[in-house]
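What follows is a short report on a single structure.
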There are 4 protein chains.
Amino acid sequence: MLISADPSDDQPIYRQIVDQLRQLIAAGILQPGDPLPSVRQLAADLGVNLNTVAIAYRELAGEGLVEIKHGRGARVTAAREHRFDEERMRKLLVPILSKMILAGKSDGEIVGLLREELHNIRGDKT
Amino acid sequence: MLISADPSDDQPIYRQIVDQLRQLIAAGILQPGDPLPSVRQLAADLGVNLNTVAIAYRELAGEGLVEIKHGRGARVTAAREHRFDEERMRKLLVPILSKMILAGKSDGEIVGLLREELHNIRGDKT
Amino acid sequence: MLISADPSDDQPIYRQIVDQLRQLIAAGILQPGDPLPSVRQLAADLGVNLNTVAIAYRELAGEGLVEIKHGRGARVTAAREHRFDEERMRKLLVPILSKMILAGKSDGEIVGLLREELHNIRGDKT
Amino acid sequence: MLISADPSDDQPIYRQIVDQLRQLIAAGILQPGDPLPSVRQLAADLGVNLNTVAIAYRELAGEGLVEIKHGRGARVTAAREHRFDEERMRKLLVPILSKMILAGKSDGEIVGLLREELHNIRGDKT
DNA sequence: GTGGTCTAGACCACG
DNA sequence: GTGGTCTAGACCACC
(Lines give C-alpha, C1' and ligand atoms only; values in the text may rest on other atoms or scores of the structure.)
Protein backbone atom coordinates (compact mmCIF):
# COMPACT_ATOMS: atom_id res chain seq x y z
CA MET A 1 0.00 0.00 0.00
CA LEU A 2 1.43 3.30 -1.08
CA ILE A 3 -1.18 5.39 0.64
CA SER A 4 -2.09 5.86 4.26
CA ALA A 5 -4.73 7.75 6.19
CA ASP A 6 -4.30 9.09 9.67
CA PRO A 7 -7.50 10.34 11.29
CA SER A 8 -5.51 12.12 13.99
CA ASP A 9 -3.60 14.17 11.42
CA ASP A 10 -4.54 17.83 11.29
CA GLN A 11 -5.32 17.48 7.61
CA PRO A 12 -8.66 15.90 6.72
CA ILE A 13 -8.41 12.38 5.41
CA TYR A 14 -9.61 13.21 1.94
CA ARG A 15 -6.86 15.81 1.63
CA GLN A 16 -4.24 13.38 2.86
CA ILE A 17 -5.31 11.08 0.06
CA VAL A 18 -5.20 13.89 -2.48
CA ASP A 19 -1.74 14.98 -1.37
CA GLN A 20 -0.33 11.49 -1.45
CA LEU A 21 -1.73 10.68 -4.85
CA ARG A 22 -0.49 13.99 -6.20
CA GLN A 23 2.94 13.15 -4.85
CA LEU A 24 2.89 9.73 -6.48
CA ILE A 25 2.00 11.33 -9.78
CA ALA A 26 4.67 14.00 -9.40
CA ALA A 27 7.17 11.25 -8.64
CA GLY A 28 6.19 9.38 -11.76
CA ILE A 29 5.30 6.32 -9.71
CA LEU A 30 1.83 6.78 -11.09
CA GLN A 31 2.22 7.44 -14.79
CA PRO A 32 -0.34 8.89 -17.20
CA GLY A 33 -2.82 6.17 -18.07
CA ASP A 34 -2.17 4.19 -14.92
CA PRO A 35 -5.32 3.18 -13.08
CA LEU A 36 -5.95 4.34 -9.55
CA PRO A 37 -7.30 1.83 -7.07
CA SER A 38 -11.07 1.68 -7.14
CA VAL A 39 -12.87 3.93 -4.72
CA ARG A 40 -14.19 0.97 -2.78
CA GLN A 41 -10.88 -0.82 -2.76
CA LEU A 42 -8.92 2.13 -1.45
CA ALA A 43 -11.60 2.93 1.10
CA ALA A 44 -11.43 -0.63 2.38
CA ASP A 45 -7.63 -0.59 2.49
CA LEU A 46 -7.52 2.67 4.38
CA GLY A 47 -10.40 1.76 6.62
CA VAL A 48 -12.30 4.88 5.68
CA ASN A 49 -15.65 5.54 4.16
CA LEU A 50 -16.23 5.18 0.45
CA ASN A 51 -17.41 8.77 0.23
CA THR A 52 -14.20 10.08 1.70
CA VAL A 53 -12.18 8.51 -1.08
CA ALA A 54 -14.72 9.60 -3.68
CA ILE A 55 -14.30 13.21 -2.57
CA ALA A 56 -10.54 12.90 -2.90
CA TYR A 57 -10.84 11.48 -6.41
CA ARG A 58 -13.27 14.18 -7.40
CA GLU A 59 -10.83 16.82 -6.21
CA LEU A 60 -8.01 15.30 -8.24
CA ALA A 61 -10.31 15.18 -11.24
CA GLY A 62 -11.03 18.88 -10.69
CA GLU A 63 -7.29 19.54 -10.72
CA GLY A 64 -7.06 17.71 -14.00
CA LEU A 65 -4.67 15.11 -12.64
CA VAL A 66 -6.99 12.13 -13.00
CA GLU A 67 -9.90 11.18 -15.21
CA ILE A 68 -12.81 9.37 -13.69
CA LYS A 69 -14.81 7.11 -15.94
CA HIS A 70 -18.17 5.95 -14.76
CA GLY A 71 -18.08 2.20 -14.50
CA ARG A 72 -14.43 1.98 -15.48
CA GLY A 73 -12.48 3.47 -12.65
CA ALA A 74 -10.07 6.37 -12.45
CA ARG A 75 -6.81 6.84 -14.33
CA VAL A 76 -3.99 9.32 -14.25
CA THR A 77 -4.59 11.94 -16.91
CA ALA A 78 -2.42 12.22 -19.97
CA ALA A 79 0.35 14.54 -18.89
CA ARG A 80 -0.35 18.21 -19.18
CA GLU A 81 0.93 21.35 -17.59
CA HIS A 82 -0.50 21.94 -14.19
CA ARG A 83 -1.35 25.56 -13.57
CA PHE A 84 1.04 27.27 -11.23
CA ASP A 85 -0.02 30.07 -8.92
CA GLU A 86 3.35 31.36 -7.83
CA GLU A 87 1.98 33.81 -5.30
CA ARG A 88 0.01 31.02 -3.67
CA MET A 89 3.10 28.85 -3.49
CA ARG A 90 5.09 31.64 -1.87
CA LYS A 91 2.39 32.19 0.69
CA LEU A 92 2.37 28.51 1.54
CA LEU A 93 6.13 28.55 1.89
CA VAL A 94 6.46 31.47 4.29
CA PRO A 95 5.06 29.84 7.45
CA ILE A 96 7.21 26.75 6.93
CA LEU A 97 10.33 28.80 6.39
CA SER A 98 9.53 30.93 9.41
CA LYS A 99 9.33 27.86 11.55
CA MET A 100 12.62 26.56 10.28
CA ILE A 101 14.30 29.88 10.88
CA LEU A 102 12.97 29.99 14.41
CA ALA A 103 14.37 26.52 14.93
CA GLY A 104 17.77 28.03 14.26
CA LYS A 105 18.27 26.55 10.83
CA SER A 106 20.64 28.35 8.51
CA ASP A 107 19.71 29.09 4.93
CA GLY A 108 22.07 26.35 3.86
CA GLU A 109 20.42 23.81 6.09
CA ILE A 110 16.98 24.80 4.86
CA VAL A 111 17.96 24.62 1.22
CA GLY A 112 19.63 21.30 1.91
CA LEU A 113 16.51 19.86 3.41
CA LEU A 114 14.50 21.10 0.48
CA ARG A 115 16.89 19.52 -1.99
CA GLU A 116 16.65 16.25 -0.12
CA GLU A 117 12.88 16.27 -0.33
CA LEU A 118 12.96 17.15 -4.01
CA HIS A 119 15.24 14.21 -4.52
CA ASN A 120 13.01 11.95 -2.47
CA ILE A 121 10.00 12.87 -4.54
CA ARG A 122 11.69 12.72 -7.90
CA GLY A 123 13.56 9.57 -6.96
CA ASP A 124 14.18 6.73 -9.35
CA LYS A 125 11.14 4.95 -10.63
CA THR A 126 12.22 3.24 -13.77
CA MET B 1 0.32 48.05 11.76
CA LEU B 2 2.45 45.21 10.51
CA ILE B 3 -0.36 42.70 10.56
CA SER B 4 -3.39 42.35 8.35
CA ALA B 5 -6.40 40.08 8.21
CA ASP B 6 -7.88 39.21 4.85
CA PRO B 7 -11.29 37.59 5.14
CA SER B 8 -11.12 36.45 1.52
CA ASP B 9 -7.92 34.54 2.11
CA ASP B 10 -8.26 30.78 2.11
CA GLN B 11 -6.60 30.58 5.50
CA PRO B 12 -8.74 31.22 8.57
CA ILE B 13 -8.13 34.57 10.15
CA TYR B 14 -6.66 33.25 13.37
CA ARG B 15 -4.08 31.36 11.36
CA GLN B 16 -3.23 34.41 9.29
CA ILE B 17 -2.48 36.21 12.53
CA VAL B 18 -0.40 33.35 13.88
CA ASP B 19 1.59 33.05 10.68
CA GLN B 20 2.29 36.74 10.44
CA LEU B 21 3.37 37.08 14.05
CA ARG B 22 5.60 34.04 13.69
CA GLN B 23 7.13 35.55 10.60
CA LEU B 24 7.77 38.85 12.37
CA ILE B 25 9.50 37.00 15.17
CA ALA B 26 11.52 34.92 12.73
CA ALA B 27 12.56 38.10 10.95
CA GLY B 28 13.66 39.63 14.21
CA ILE B 29 11.28 42.53 13.82
CA LEU B 30 9.68 41.35 17.02
CA GLN B 31 12.52 40.65 19.44
CA PRO B 32 12.45 38.57 22.61
CA GLY B 33 10.86 40.64 25.35
CA ASP B 34 8.92 42.85 22.97
CA PRO B 35 5.27 43.22 23.89
CA LEU B 36 2.56 42.13 21.49
CA PRO B 37 -0.39 44.44 21.02
CA SER B 38 -3.19 43.71 23.43
CA VAL B 39 -5.83 41.30 22.24
CA ARG B 40 -8.41 44.09 22.32
CA GLN B 41 -6.16 46.45 20.43
CA LEU B 42 -5.24 44.05 17.68
CA ALA B 43 -8.81 42.84 17.32
CA ALA B 44 -9.96 46.42 16.93
CA ASP B 45 -7.20 47.24 14.43
CA LEU B 46 -7.95 44.23 12.31
CA GLY B 47 -11.69 44.52 12.66
CA VAL B 48 -12.02 40.94 13.78
CA ASN B 49 -13.55 39.18 16.69
CA LEU B 50 -11.78 39.36 20.03
CA ASN B 51 -11.87 35.59 20.38
CA THR B 52 -10.13 35.17 17.05
CA VAL B 53 -7.10 37.10 18.23
CA ALA B 54 -7.15 35.38 21.61
CA ILE B 55 -7.03 32.00 19.89
CA ALA B 56 -4.11 33.14 17.78
CA TYR B 57 -2.16 34.27 20.85
CA ARG B 58 -2.93 31.02 22.62
CA GLU B 59 -1.58 29.09 19.67
CA LEU B 60 1.64 31.07 19.66
CA ALA B 61 1.93 30.50 23.38
CA GLY B 62 1.49 26.80 22.74
CA GLU B 63 4.39 26.94 20.30
CA GLY B 64 6.50 28.63 22.98
CA LEU B 65 6.97 31.77 20.94
CA VAL B 66 5.12 34.14 23.23
CA GLU B 67 4.33 34.27 26.91
CA ILE B 68 0.94 35.41 28.05
CA LYS B 69 0.85 37.07 31.44
CA HIS B 70 -2.64 37.24 32.75
CA GLY B 71 -3.63 40.88 32.92
CA ARG B 72 -0.30 42.09 31.63
CA GLY B 73 -0.43 41.24 28.00
CA ALA B 74 1.76 39.02 25.88
CA ARG B 75 5.46 39.25 25.12
CA VAL B 76 7.80 37.49 22.76
CA THR B 77 9.50 34.72 24.67
CA ALA B 78 13.11 35.07 25.73
CA ALA B 79 15.16 33.56 22.97
CA ARG B 80 15.49 29.85 23.05
CA GLU B 81 15.74 27.11 20.51
CA HIS B 82 12.40 26.41 19.03
CA ARG B 83 11.90 22.70 18.80
CA PHE B 84 12.34 21.42 15.31
CA ASP B 85 10.25 18.52 14.19
CA GLU B 86 12.04 17.73 10.98
CA GLU B 87 9.59 15.06 9.92
CA ARG B 88 6.75 17.52 10.30
CA MET B 89 8.58 20.09 8.21
CA ARG B 90 9.16 17.56 5.49
CA LYS B 91 5.53 16.58 5.52
CA LEU B 92 4.52 20.20 5.12
CA LEU B 93 6.95 20.62 2.26
CA VAL B 94 5.95 17.62 0.19
CA PRO B 95 2.56 18.80 -1.13
CA ILE B 96 4.01 22.16 -2.15
CA LEU B 97 6.96 20.58 -3.89
CA SER B 98 4.70 18.07 -5.62
CA LYS B 99 2.61 20.87 -7.03
CA MET B 100 5.65 22.74 -8.26
CA ILE B 101 7.04 19.62 -9.90
CA LEU B 102 3.73 18.96 -11.63
CA ALA B 103 3.80 22.55 -12.84
CA GLY B 104 6.99 21.70 -14.61
CA LYS B 105 9.35 23.62 -12.36
CA SER B 106 12.95 22.50 -12.32
CA ASP B 107 14.85 21.92 -9.10
CA GLY B 108 16.78 25.08 -9.77
CA GLU B 109 13.64 27.15 -10.13
CA ILE B 110 12.18 25.70 -6.97
CA VAL B 111 15.34 26.29 -4.96
CA GLY B 112 15.55 29.78 -6.39
CA LEU B 113 12.03 30.60 -5.33
CA LEU B 114 12.76 29.27 -1.86
CA ARG B 115 15.92 31.35 -1.56
CA GLU B 116 13.98 34.43 -2.53
CA GLU B 117 11.42 33.84 0.15
CA LEU B 118 14.11 33.16 2.73
CA HIS B 119 15.67 36.46 1.81
CA ASN B 120 12.33 38.23 2.01
CA ILE B 121 11.72 36.90 5.49
CA ARG B 122 15.20 37.51 6.85
CA GLY B 123 15.38 40.90 5.22
CA ASP B 124 16.98 43.82 7.03
CA LYS B 125 15.86 44.50 10.51
CA THR B 126 18.50 46.28 12.41
CA MET C 1 -17.01 4.81 -39.96
CA LEU C 2 -18.93 7.96 -39.14
CA ILE C 3 -19.14 7.24 -35.45
CA SER C 4 -16.49 7.23 -32.81
CA ALA C 5 -16.31 6.42 -29.12
CA ASP C 6 -13.93 8.35 -26.94
CA PRO C 7 -13.49 6.78 -23.53
CA SER C 8 -11.83 9.93 -22.22
CA ASP C 9 -14.84 12.04 -23.08
CA ASP C 10 -16.89 13.22 -20.15
CA GLN C 11 -20.02 11.77 -21.69
CA PRO C 12 -20.69 8.07 -21.24
CA ILE C 13 -20.05 6.03 -24.33
CA TYR C 14 -23.63 5.01 -24.91
CA ARG C 15 -24.62 8.67 -24.95
CA GLN C 16 -21.86 9.54 -27.37
CA ILE C 17 -23.27 6.94 -29.71
CA VAL C 18 -26.82 8.20 -29.27
CA ASP C 19 -25.81 11.81 -29.86
CA GLN C 20 -23.79 11.02 -32.95
CA LEU C 21 -26.50 8.89 -34.52
CA ARG C 22 -29.09 11.53 -33.76
CA GLN C 23 -26.87 14.13 -35.35
CA LEU C 24 -26.40 12.00 -38.46
CA ILE C 25 -30.15 11.62 -38.76
CA ALA C 26 -30.70 15.33 -38.19
CA ALA C 27 -28.13 16.07 -40.88
CA GLY C 28 -29.91 13.77 -43.29
CA ILE C 29 -26.82 11.64 -43.70
CA LEU C 30 -28.88 8.81 -42.33
CA GLN C 31 -32.22 8.90 -44.13
CA PRO C 32 -35.48 7.29 -43.11
CA GLY C 33 -35.35 3.63 -44.00
CA ASP C 34 -31.58 3.45 -43.90
CA PRO C 35 -30.25 0.54 -41.88
CA LEU C 36 -28.04 1.11 -38.87
CA PRO C 37 -24.98 -1.07 -38.47
CA SER C 38 -25.71 -4.17 -36.47
CA VAL C 39 -25.11 -3.97 -32.75
CA ARG C 40 -22.33 -6.51 -33.04
CA GLN C 41 -20.73 -4.72 -35.96
CA LEU C 42 -20.76 -1.29 -34.35
CA ALA C 43 -19.57 -2.62 -31.02
CA ALA C 44 -16.66 -4.32 -32.74
CA ASP C 45 -15.81 -1.22 -34.78
CA LEU C 46 -15.85 1.03 -31.74
CA GLY C 47 -14.17 -1.49 -29.51
CA VAL C 48 -16.86 -1.19 -26.90
CA ASN C 49 -19.12 -3.58 -25.10
CA LEU C 50 -22.04 -5.06 -26.97
CA ASN C 51 -24.45 -3.97 -24.28
CA THR C 52 -23.31 -0.39 -24.57
CA VAL C 53 -24.35 -0.22 -28.21
CA ALA C 54 -27.58 -2.07 -27.51
CA ILE C 55 -28.50 0.47 -24.86
CA ALA C 56 -27.79 3.28 -27.28
CA TYR C 57 -30.06 1.75 -29.93
CA ARG C 58 -32.78 1.20 -27.38
CA GLU C 59 -32.60 4.84 -26.38
CA LEU C 60 -32.92 5.98 -29.98
CA ALA C 61 -35.86 3.63 -30.40
CA GLY C 62 -37.41 5.19 -27.32
CA GLU C 63 -37.07 8.59 -28.96
CA GLY C 64 -38.81 7.24 -32.03
CA LEU C 65 -35.84 7.85 -34.27
CA VAL C 66 -35.09 4.25 -35.13
CA GLU C 67 -37.06 1.05 -35.32
CA ILE C 68 -35.57 -2.15 -34.06
CA LYS C 69 -36.77 -5.30 -35.79
CA HIS C 70 -35.92 -8.32 -33.77
CA GLY C 71 -33.42 -10.33 -35.74
CA ARG C 72 -33.41 -7.92 -38.65
CA GLY C 73 -31.44 -5.03 -37.34
CA ALA C 74 -32.39 -1.40 -36.84
CA ARG C 75 -33.49 1.19 -39.37
CA VAL C 76 -34.06 4.90 -39.26
CA THR C 77 -37.74 5.50 -38.73
CA ALA C 78 -39.91 6.69 -41.56
CA ALA C 79 -39.90 10.46 -41.36
CA ARG C 80 -42.32 11.95 -38.91
CA GLU C 81 -42.36 14.95 -36.67
CA HIS C 82 -40.23 14.37 -33.67
CA ARG C 83 -42.04 15.61 -30.61
CA PHE C 84 -40.69 18.89 -29.38
CA ASP C 85 -40.68 19.55 -25.68
CA GLU C 86 -39.87 23.22 -25.78
CA GLU C 87 -39.58 23.57 -22.04
CA ARG C 88 -37.06 20.76 -21.97
CA MET C 89 -35.03 22.39 -24.70
CA ARG C 90 -35.00 25.65 -22.80
CA LYS C 91 -33.88 23.89 -19.67
CA LEU C 92 -31.01 22.28 -21.54
CA LEU C 93 -30.02 25.61 -23.01
CA VAL C 94 -29.94 27.66 -19.82
CA PRO C 95 -26.79 26.23 -18.19
CA ILE C 96 -24.83 26.57 -21.42
CA LEU C 97 -25.96 30.13 -21.97
CA SER C 98 -25.22 31.01 -18.34
CA LYS C 99 -21.67 29.79 -18.74
CA MET C 100 -21.19 31.75 -21.93
CA ILE C 101 -22.56 34.89 -20.33
CA LEU C 102 -20.25 34.49 -17.34
CA ALA C 103 -17.39 34.09 -19.79
CA GLY C 104 -18.21 37.55 -21.02
CA LYS C 105 -19.67 36.55 -24.37
CA SER C 106 -22.04 39.03 -25.99
CA ASP C 107 -25.41 37.98 -27.35
CA GLY C 108 -24.00 38.42 -30.83
CA GLU C 109 -21.10 36.11 -30.16
CA ILE C 110 -23.37 33.49 -28.67
CA VAL C 111 -25.82 33.62 -31.54
CA GLY C 112 -22.93 33.51 -33.96
CA LEU C 113 -21.52 30.39 -32.38
CA LEU C 114 -24.95 28.78 -32.48
CA ARG C 115 -25.40 29.62 -36.15
CA GLU C 116 -22.04 28.09 -36.93
CA GLU C 117 -22.98 24.86 -35.23
CA LEU C 118 -26.34 24.78 -36.97
CA HIS C 119 -24.53 25.15 -40.26
CA ASN C 120 -22.06 22.42 -39.34
CA ILE C 121 -24.86 20.03 -38.53
CA ARG C 122 -27.02 20.80 -41.55
CA GLY C 123 -23.99 20.83 -43.79
CA ASP C 124 -24.20 19.48 -47.31
CA LYS C 125 -25.80 16.12 -47.80
CA THR C 126 -26.96 16.18 -51.38
CA MET D 1 -37.28 30.92 -3.00
CA LEU D 2 -35.31 31.29 -6.19
CA ILE D 3 -34.03 27.75 -6.24
CA SER D 4 -35.75 24.44 -6.56
CA ALA D 5 -34.72 20.80 -6.50
CA ASP D 6 -36.46 18.01 -8.34
CA PRO D 7 -35.31 14.52 -7.36
CA SER D 8 -36.99 13.06 -10.44
CA ASP D 9 -34.99 15.25 -12.77
CA ASP D 10 -32.31 13.47 -14.77
CA GLN D 11 -29.73 15.82 -13.39
CA PRO D 12 -28.49 15.13 -9.85
CA ILE D 13 -29.78 17.52 -7.26
CA TYR D 14 -26.42 19.04 -6.49
CA ARG D 15 -25.99 19.88 -10.16
CA GLN D 16 -29.43 21.40 -10.34
CA ILE D 17 -28.40 23.68 -7.51
CA VAL D 18 -25.12 24.55 -9.18
CA ASP D 19 -26.84 25.33 -12.48
CA GLN D 20 -29.48 27.50 -10.88
CA LEU D 21 -27.02 29.46 -8.80
CA ARG D 22 -24.78 29.94 -11.81
CA GLN D 23 -27.76 31.24 -13.71
CA LEU D 24 -28.65 33.67 -10.94
CA ILE D 25 -25.09 34.96 -10.96
CA ALA D 26 -25.03 35.23 -14.74
CA ALA D 27 -28.30 37.15 -14.55
CA GLY D 28 -26.87 39.54 -12.02
CA ILE D 29 -29.60 38.66 -9.55
CA LEU D 30 -26.80 37.50 -7.31
CA GLN D 31 -24.12 40.15 -7.44
CA PRO D 32 -20.47 39.89 -6.38
CA GLY D 33 -20.33 40.09 -2.62
CA ASP D 34 -23.88 38.91 -2.12
CA PRO D 35 -24.22 36.13 0.41
CA LEU D 36 -25.60 32.77 -0.61
CA PRO D 37 -28.09 31.12 1.71
CA SER D 38 -26.39 29.04 4.35
CA VAL D 39 -25.87 25.41 3.53
CA ARG D 40 -28.26 24.33 6.24
CA GLN D 41 -30.86 26.91 5.31
CA LEU D 42 -30.92 26.00 1.64
CA ALA D 43 -30.92 22.30 2.44
CA ALA D 44 -33.93 22.78 4.68
CA ASP D 45 -35.73 24.91 2.09
CA LEU D 46 -35.16 22.37 -0.65
CA GLY D 47 -35.84 19.42 1.57
CA VAL D 48 -32.52 17.83 0.74
CA ASN D 49 -29.57 16.77 2.75
CA LEU D 50 -27.03 19.25 4.01
CA ASN D 51 -24.23 17.40 2.24
CA THR D 52 -25.96 17.70 -1.10
CA VAL D 53 -25.95 21.48 -0.85
CA ALA D 54 -22.41 21.48 0.49
CA ILE D 55 -21.23 19.58 -2.59
CA ALA D 56 -22.95 22.11 -4.83
CA TYR D 57 -21.29 25.00 -3.02
CA ARG D 58 -17.93 23.33 -3.19
CA GLU D 59 -18.32 22.90 -6.93
CA LEU D 60 -19.16 26.56 -7.38
CA ALA D 61 -16.15 27.45 -5.25
CA GLY D 62 -14.04 25.28 -7.54
CA GLU D 63 -15.36 27.23 -10.52
CA GLY D 64 -14.35 30.42 -8.78
CA LEU D 65 -17.87 31.77 -8.73
CA VAL D 66 -18.30 31.80 -4.96
CA GLU D 67 -16.01 32.05 -1.96
CA ILE D 68 -16.73 29.92 1.06
CA LYS D 69 -15.60 31.21 4.41
CA HIS D 70 -15.51 28.82 7.29
CA GLY D 71 -17.92 30.06 9.89
CA ARG D 72 -19.05 32.98 7.78
CA GLY D 73 -21.00 31.55 4.93
CA ALA D 74 -20.57 31.74 1.19
CA ARG D 75 -20.56 34.81 -1.04
CA VAL D 76 -20.50 35.48 -4.74
CA THR D 77 -16.91 36.10 -5.80
CA ALA D 78 -15.72 39.48 -6.94
CA ALA D 79 -16.38 39.46 -10.66
CA ARG D 80 -13.74 37.92 -12.82
CA GLU D 81 -13.58 36.32 -16.22
CA HIS D 82 -14.85 32.81 -16.25
CA ARG D 83 -12.75 30.52 -18.40
CA PHE D 84 -14.44 29.57 -21.63
CA ASP D 85 -13.83 26.27 -23.32
CA GLU D 86 -15.37 26.92 -26.70
CA GLU D 87 -14.97 23.39 -27.98
CA ARG D 88 -16.78 22.09 -24.91
CA MET D 89 -19.62 24.54 -25.44
CA ARG D 90 -19.98 23.49 -29.05
CA LYS D 91 -20.10 19.85 -28.08
CA LEU D 92 -22.81 20.58 -25.54
CA LEU D 93 -24.76 22.49 -28.14
CA VAL D 94 -24.80 19.85 -30.87
CA PRO D 95 -27.20 17.35 -29.30
CA ILE D 96 -29.66 20.08 -28.42
CA LEU D 97 -29.55 21.53 -31.90
CA SER D 98 -29.92 18.07 -33.43
CA LYS D 99 -33.07 17.52 -31.42
CA MET D 100 -34.53 20.84 -32.47
CA ILE D 101 -33.74 20.15 -36.11
CA LEU D 102 -35.40 16.75 -35.88
CA ALA D 103 -38.42 18.47 -34.40
CA GLY D 104 -38.68 20.35 -37.64
CA LYS D 105 -37.54 23.69 -36.34
CA SER D 106 -36.05 26.09 -38.84
CA ASP D 107 -32.79 27.91 -38.15
CA GLY D 108 -34.80 31.05 -37.56
CA GLU D 109 -36.98 29.40 -34.98
CA ILE D 110 -33.99 27.96 -33.20
CA VAL D 111 -32.14 31.25 -33.12
CA GLY D 112 -35.32 32.95 -31.95
CA LEU D 113 -35.69 30.54 -29.06
CA LEU D 114 -32.07 31.08 -28.12
CA ARG D 115 -32.49 34.84 -28.18
CA GLU D 116 -35.52 34.54 -25.95
CA GLU D 117 -33.61 32.52 -23.42
CA LEU D 118 -30.69 34.92 -23.48
CA HIS D 119 -33.13 37.71 -22.81
CA ASN D 120 -34.76 35.75 -20.02
CA ILE D 121 -31.45 35.18 -18.32
CA ARG D 122 -30.07 38.67 -18.79
CA GLY D 123 -33.41 40.25 -17.92
CA ASP D 124 -33.76 43.43 -15.90
CA LYS D 125 -32.55 43.28 -12.36
CA THR D 126 -32.00 46.82 -11.37
C1' DG E 1 -17.58 -5.11 -11.33
C1' DT E 2 -16.98 0.21 -11.51
C1' DG E 3 -18.22 5.20 -9.87
C1' DG E 4 -22.33 8.65 -8.65
C1' DT E 5 -25.54 10.30 -5.62
C1' DC E 6 -28.18 10.77 -1.60
C1' DT E 7 -29.59 10.32 3.23
C1' DA E 8 -29.41 10.78 8.36
C1' DG E 9 -26.86 11.87 11.80
C1' DA E 10 -22.65 12.81 14.17
C1' DC E 11 -18.71 15.72 15.67
C1' DC E 12 -15.28 19.36 14.80
C1' DA E 13 -13.48 24.12 13.45
C1' DC E 14 -14.25 29.06 12.88
C1' DG E 15 -15.92 33.70 14.33
C1' DG F 1 -24.48 30.76 14.41
C1' DT F 2 -21.55 29.26 10.16
C1' DG F 3 -19.19 25.52 7.08
C1' DG F 4 -16.08 20.99 7.13
C1' DT F 5 -15.66 16.32 7.58
C1' DC F 6 -16.86 11.70 8.33
C1' DT F 7 -19.70 7.53 8.78
C1' DA F 8 -22.94 3.78 7.48
C1' DG F 9 -25.80 2.39 4.39
C1' DA F 10 -28.76 2.76 0.48
C1' DC F 11 -29.89 2.88 -4.54
C1' DC F 12 -28.76 4.13 -9.31
C1' DA F 13 -25.91 4.40 -13.75
C1' DC F 14 -22.37 2.53 -16.67
C1' DC F 15 -19.73 -1.16 -18.88
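These figures come from a predicted structure and were not determined experimentally. Chain identifiers are assigned alphabetically (A, B, ...) following the order of the sequence lines, protein sequences preceding nucleic acid strands; residue numbering begins at 1 within each chain.
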For [X] and [N], give me the distance from atom [atom1] to atom [atom2], rounded to whole Å.
X: D/Asp6; N: E/dT5; atom1: CG; atom2: P; answer: 16 Å
X: A/Leu36; N: E/dG1; atom1: CG; atom2: P; answer: 20 Å
X: B/Leu42; N: E/dG15; atom1: CG; atom2: P; answer: 14 Å
X: D/Glu67; N: F/dT2; atom1: CD; atom2: C1'; answer: 16 Å
X: B/Leu46; N: E/dG15; atom1: CG; atom2: C1'; answer: 14 Å
X: B/Gln11; N: F/dG4; atom1: CD; atom2: C1'; answer: 15 Å
X: D/Arg75; N: E/dG15; atom1: CZ; atom2: P; answer: 14 Å
X: A/Gln16; N: F/dT5; atom1: CD; atom2: P; answer: 12 Å

Inset, instruction - Give the B/S/- string for nucleotides 7-14 of chain F, one per nucleotide from 5' to 3', where a protein heavy atom under 4.0 Å of the base yields B, of only the sugar-phosphate yields S, and otherwise -. - result: BBB-B-BB
Heavy-atom distance under 4.5 Å between the side chains of [X] and [Y], does that happen here?
X: A/Ile96; Y: B/Ile96; answer: yes
X: A/Glu86; Y: A/Arg88; answer: no
X: D/Ile25; Y: D/Val66; answer: yes

Legend entry - salt_bridge(A/Lys91, B/Asp19) N-O dist < 4.0 Å: no
Legend entry - B/Glu117/A/Arg90 salt bridge by N-O under 4.0 Å criterion: yes
Could you tabulate the donor-acceptor pairs under 3.5 Å formed by side-chain atoms of residues 34-43 of chain B, not counting sequence neighbours?
from    : atom 1 : to      : atom 2 : distance (Å)
B/Asp34 : OD2    : B/Gln31 : N      : 2.8
B/Ser38 : OG     : B/Gln41 : N      : 2.9
B/Gln41 : NE2    : B/Asp45 : OD1    : 3.1
B/Gln41 : NE2    : B/Asp45 : OD2    : 3.4

Legend entry - Whether A/Arg75 side chain and A/Gly33 backbone form a donor-acceptor pair below 3.5 Å: yes
Inset, instruction - Quick one: stems involving DNA chain F, counted as three or more successive Watson-Crick or G-U pairs, both distances short of 3.5 Å. - result: E:1-14 with F:1-14
Inset, instruction - Please check the phosphate of F/dG3 (OP1 and OP2 only) for any side-chain N or O of D/Ser38 closer than 4.0 Å. - result: yes
Inset, instruction - Before giving the answer on side chain to side chain contact (heavy atoms under 4.5 Å, CB included), spell out for C/Met89 and D/Lys99 the whole-Å C-alpha distance, their side-chain angles and the decisive distance to 0.1 Å. - result: CA-CA 9 Å; C/Met89 292 301 129; D/Lys99 284 178 188 167; 3.8 Å; yes
Inset, instruction - Write down the atom of D/Ile3, the atom of D/Gln20, and the distance for their closest heavy-atom approach. - result: CA-OE1, 3.4 Å
